[in-house]
Structures are given as structure tokens and as C-alpha cells.
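Presented below is the structure to which this report refers.
The chain is numbered in sequence order, starting from 1. Source: prediction; values computed, not measured. Numbering of ligands and ligand atoms starts at 1, following listing order.
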Amino acid sequence: MTMETVSVPLPGRAYDVVIGPDLIDRAGEFVSPLLRRPRVAVLTDQTVAGLHLKQLEAGLAADGISVVSLALPAGEATKSWPYLSQSVEWLLEQKIERADVVLALGGGVIGDLGGFAAAILRRGVRFVQIPTSLLAQVDSSVGGKTGINASHGKNLVGAFHQPSLVLADTALLSSLPARDFLAGYGEVVKYGLLGDAAFFEWLEQNGAALANGDLAARIEAVRHSVQMKADIVLRDETEQGDRALLNLGHTFCHALEAATGYGDRLLHGEGVAIGCVLAFELSARLGLCPQEDPSRVRAHLRAMGMKTDLADISGDLPDAAGLMALMGQDKKVVDGQLTFVLARGIGQAFVTSDVAQSAVLDVLNDALALRR
Ligand SMILES: NC(=O)c1ccc[n+]([C@@H]2O[C@H](COP(=O)([O-])OP(=O)(O)OC[C@H]3O[C@@H](n4cnc5c(N)ncnc54)[C@H](O)[C@@H]3O)[C@@H](O)[C@H]2O)c1
């Protein structure tokens with residue numbers, strides 16, 4: 001099976017994203033060139049540790065690298081102050097020095113937390129992302145956004161800290177529960193919708209094979225997504241402009257995640273998928289994109305067995321005004337003005353803060369009406 005490499009040539013902080021099956025068996029070979037001494041610290045979660053830590057340790061031991069590891073509870077609640085402090089104290093206890101390397105083995109939660117711990121440990125040590133969820137392979141492991149959630153909201157504390165290497169082992173995805181796989185697929189679809197209509201078409205044709213475990217299709221989907229993310233990050237590393245396109249669906253998503261408590265009722269990628277449908281509904285209502293685009297987006301997500309509508313979220317939700325208020329908590333709000341990513345068609349997204357509140361309320365009211 002072919003191995004693919006996407007380069008992220010940021011000046012002074014260039015790194016590779018290596019994509020393919022069974023990479024963790026060869027982790028030592030990839031990581032060795034980064035090491036001053038043959039020793040690494042691995043941060044992971046307990047679920048991933050149970051499934052894949054031994055294999056990673058063996059892959060590192062093959063090149064004489066010794067490993068210390070800390071497995072934290074799985075789940076979004078781990079991306080928080082207590083676990084950040086536990087991780088940093090543990091890294092210090094393990095005498096991880098400035099020239100050492102931290103490995104983050106897990107989904108977006110471990111990647112964000114581990115990356116942030118590395119960013120602040122001794123004012124910054126290097127880290128390697130070994131993303132194990134689809135979401136982490138196509139999105140969170142690339143681009144250098146790291147951080148934790150605060151009581152005021154998601155991702156409100158963090159730093160830009162680029163990894164030194166990303167090893168996206170696509171074989172690891174086979175142990176991912178179907179629901180988590182599809183949540184990650186929400187982010188894959190997002191790339192097609194925001195900037196590449198041909199990729200969206202490819203997903204319409206290959207999505208089913210991807211979900212059913214076709215490894216070649218999975219590698220291609222990860223490679224294409226990572227290349228798109230890398231291109232955007234290169235243009236705008238710290239989100240002064242274009243990088244905001246990656247937030248397609250996220251203004252709606254963050255309000256829905258806040259309303260549902262950042263947990264099992266709605267996974268992040270599920271919220272992104274619903275948010276993308278709402279962003280296209282809003283774009284169509286504003287006369288920006290063809291009327292049939294929202295239905296086409298919804299049809300593909302439905303065919304994949306994904307959530308597409310507010311009606312798919314169990315339990316109570318706030319009313320439209322309540323959801324608007326939650327959007328106002330988004331960290332991308334500038335001078336109280338909400339920012340939206342809208343589209344002129346599939347693959348043609350743009351960022352704007354010039355959206356009438358009444359149009360957003362109309363879209364939300366219609367979407368909420370379908371729940372009754
Ligand atoms: N930094 C960024 O640019 C960025 C971008 C998008 C999302 N995120 C963040 O990513 C997080 C979501 O990431 P996620 O969906 O990976 O969540 P996650 O890390 O919680 O992983 C989801 C679940 O899958 C399990 N898991 C992971 N890999 C597995 C495997 N190979 N086999 C079996 N189980 C496995 C985990 O234990 C967890 O229970 C959110 O906190 C979000 O804010 C960050």
C-alpha cells in the first residue's frame with residue numbers, strides 16, 4: 001500500500017505529514033532523526049492506549065527508543081486545566097528536557113492537549129502528532145492549533161505550536177467506532193464544501209467505500225484533506241484571513257455543542273456536518289448559492305448515515321434566540337459581530353461578518369420547526 005507525504009513548508013517550522021498503513025510499527029525510523037537521546041514521552045488516552053500503545057512502543061523499541069507514557073481518560077472533558085496540569089507535571093517528573101520530544105497518540109483531544117502541554121513545557125519542546133481518529137488525521141493534527149477548553153467555552157486557552165512530524169497511520173482507523181469515524185467524516189466533507197467541488201463529487205462516489213474500510217480510499221481522503229489544510233495554513237498560519245474558511249459550519253456547530261454540553265448527545269464532527277447544512281441553507285436563503293445546494297449536501301450526509309438536521313439531535317434545544325446568544329460566545333466574534341462562512345456554491349466558501357441577524361434567526365426557526 002502506498003505511503004503518501006504532505007509537506008507543510010512553514011519557514012523555520014517545516015514538517016511532514018506521513019499518511020499510510022502500519023506507520024506506528026515504523027515509528028522509530030520516523031522519530032529517530034528528531035531525537036537528541038533515544039527516549040520519548042507519550043501522552044495518550046486510556047482507550048487508545050489499550051488498543052495501540054504496545055504496538056507504538058514496539059515500533060519505537062525497534063530503533064532503540066525507550067518510552068514513558070501517560071494515559072488520560074478518553075473524552076472531551078480531558079481537554080481541561082486539571083489534565084493539562086497533570087500532563088505538564090508528569091512530563092517534568094519524567095525529566096523531559098528542552099531538546100526531547102513529546103508524542104501525542106490519540107484523537108483531537110489528546111493532540112490538542114498534548115500539543116499545548118509541549119508548547120508550555122520549559123517554554124516549548126517539540127512534539128509529534130500520531131493522530132488515531134479520522135478527525136485528528138484530516139484536521140486537528142495539522143496546523144499547530146493546540147489548547148484546552150475553559151469554563152467559558154471551547155478552545156479558549158491555547159497556543160499555536162506546530163508539530164515536528166505527523167504520522168497518520170490509516171490502519172489505526174479500523175478500531176474506531178463507526179460513530180466516531182462518521183463524525184470525522186463530517187470534517188472531510190467540509191473540505192469539499194469549502195474549496196473543492198470535485199473532491200465533494202469524489203466523496204459522493206467513494207464515501208460508502210471509505211466508511212466500509214477501503215484503505216486506498218481512506219488514504220486518498222486523508223491525503224487530500226491534509227493537503228487542503230496545509231495549503232490554507234501556509235497562506236494564513238494564525239487565522240488573520242483565509243484560515244477562517246476551515247470554520248465552515250462551526251459558528252452553528254459551537255452553539256449546538258454548547259447547547260448539548262460538549263458530550264455524547266452531539267460529537268464535534270456531527271455538529272460540523274449539521275452546521276455545514278445550515279450554512280448552505282443560510283447561503284441559499286440569502287440568494288448566494290443555488291437553491292438545490294443545501295439538499296445536495298444533506299443528501300450525501302444522509303446517505304452516509306450522518307446527522308444532518310437539528311431534528312437529529314435528541315433532547316431539548318434552546319430556541320432560535322437562545323442559539324444565537326450561544327453563537328455570540330464564539331471566540332471568533334469581533335466587536336460583537338458574528339462571523340459566518342457562507343458559500344456561493346459547493347466548493348466556493350467565503351468569510352463574512354455582514355449577515356443580517358434576521359436571516360440567521362429564520363434559518364434556525366425553520367430548522368427547529370422540523371423537530372416538532
Ligand atoms: N486543533 C485543531 O485544529 C482542531 C481541529 C478540529 C478539532 N479539534 C478538536 O478535536 C477534538 C475532537 O477530536 P476527536 O473527534 O478525535 O475526539 P477524541 O480525541 O475524543 O476521540 C474520539 C474518541 O475516539 C477514541 N479513539 C481515538 N482513536 C481511536 C482508535 N484508533 N480506535 C478506537 N478508538 C479511538 C477516543 O478514545 C475517543 O473516545 C475536539 O476537542 C476539537 O475541538 C481541534
Check: Is the shortest heavy-atom distance from the side chain of F116 to the side chain of L84 under 4.5 Å?
Finding: yes
Next item on the list: Would you kindly specify which portion of D112 sits under 4.0 Å from ligand 1, judged on non-hydrogen atoms: side chain, backbone, both or neither?
Entry: side chain
Next item on the list: Could you list the atoms of ligand 1 found under 4.0 angstrom from a heavy atom of T132?
Entry: 27 (C), 28 (N), 29 (C), 30 (C), 31 (N)
Notebook entry, point to check: Counting from 1, what ligand 1 atoms have a heavy atom of N155 closer than 4.0 Å?
Noted result: 43 (O)
Next item on the list: Would you please test D293 and R344 for salt bridge (charged side-chain N to carboxylate O under 4.0 Å, His left out) and show each step?
Entry: CA-CA 10 Å; D293 280 359; R344 298 196 173 84; over 6 Å; no
Next item on the list: Locate the shortest heavy-atom distance separating L203 from Y185; write the atom from each residue and the value.
Entry: CB-OH, 3.4 Å
Margin query: Under 4.0 Å from a heavy atom of L176: which atoms of ligand 1 are those, numbered in the order shown and with their elements?
Written below: 24 (O), 26 (N), 27 (C), 28 (N), 29 (C), 30 (C), 32 (N), 33 (C), 34 (N), 35 (C)
Notebook entry, point to check: Less than 3.5 Å between some nitrogen or oxygen of E76 and one of ligand 1, yes or no?
Noted result: yes
Next item on the list: Nearest heavy atom to atom 23 (C) of ligand 1 wins, so pick from V272, D180, L105, L172.
Entry: D180
Check: Would you say ligand 1 has an N or O under 3.5 Å from any N or O of R243?
Finding: no
Checklist line | Where ligand 1 meets K145 - atom numbers and elements under 4.0 angstrom, heavy-atom basis | finding: 1 (N), 3 (O)
Note to self: Between E220 and N206, is there a side-chain donor-acceptor contact under 3.5 Å, judged purely by atom types and distance?
What the structure shows: no
Notebook entry, point to check: Among L135, D45, V48, which one has a heavy atom closest to atom 12 (C) of ligand 1?
Noted result: L135
Notebook entry, point to check: What's the shortest distance from atom 18 (P) of ligand 1 to any protein heavy atom, and which residue and atom give it?
Noted result: V109 CG2, 3.8 Å
Notebook entry, point to check: Hey, does L103 have a side-chain heavy atom less than 4.5 Å from the side chain of L43?
Noted result: no
Notebook entry, point to check: Distance from L323 atom CG to F252 atom CZ, nearest 0.5 Å?
Noted result: 9.5 Å
Check: Based purely on interatomic distance, does G75 place a nitrogen or oxygen under 3.5 Å from a nitrogen or oxygen of ligand 1?
Finding: no
Next item on the list: Output the list of atoms in ligand 1 that are nearer than 4.0 Å to some heavy atom of D139, sorted by atom number.
Entry: 5 (C), 6 (C)
Check: In terms of the angle between their ring planes, are F199 and W202 parallel, tilted or perpendicular, with boundaries placed at 30° and 60°?
Finding: parallel
Next item on the list: If a pair satisfies salt bridge (Lys or Arg N to Asp or Glu O under 4.0 Å) and one of its residues is in residues 193-212, list it, with sequence neighbours excluded.
Entry: E204-R296
Notebook entry, point to check: Who pairs with F280 by ring-ring contact (aromatic ring centres under 6.0 Å, His included), at least two apart in sequence or on another chain?
Noted result: none
Margin query: When you compare the side chain of V272 with that of H268, does any pair of heavy atoms fall below 4.5 Å?
Written below: yes
Checklist line | ligand 1 to S133 polar contact by distance, N or O atoms, under 3.5 Å | finding: yes
Next item on the list: Determine, considering heavy atoms only, which of G144, G108, P177, G158 sits nearest to atom 13 (O) of ligand 1.
Entry: G108
Next item on the list: Say whether S175, considering both its backbone and side-chain N or O atoms, lies within less than 3.5 Å of an N or O atom on ligand 1.
Entry: yes
Check: Any chance the side chains of K145 and N155 put a donor and an acceptor closer than 3.5 Å?
Finding: no
Next item on the list: For residues D16 and V6, determine if any side-chain heavy atom of one lies less than 4.5 Å from a side-chain heavy atom of the other.
Entry: no
Check: Quick one: which ligand 1 atoms are inside 4.0 Å of a heavy atom on L51?
Finding: 32 (N), 33 (C)
Item checked: Identity of the nearest option to atom 5 (C) of ligand 1, non-hydrogen atoms only, from G269, G186, S140 -> S140
Margin query: Please evaluate residues L256 and L310 with respect to the criterion side chain to side chain contact (heavy atoms under 4.5 Å, CB included), reporting the C-alpha separation (whole Å), side-chain torsions for both, the decisive distance (0.1 Å), and the verdict.
Written below: CA-CA 9 Å; L256 294 172; L310 299 191; 3.6 Å; yes
Check: So which bit of T146 gets within less than 4.0 Å of ligand 1, heavy atoms only: side chain, backbone, both or neither?
Finding: neither
Next item on the list: Run down the list K229, Q46, K79 and name the one with the heavy atom closest to atom 3 (O) of ligand 1.
Entry: K229
Checklist line | Polar atom proximity, K154 to ligand 1 (N or O, under 3.5 Å) | finding: yes
Check: Out of G107, G50, A74, whose heavy atom sits nearest atom 39 (O) of ligand 1?
Finding: A74
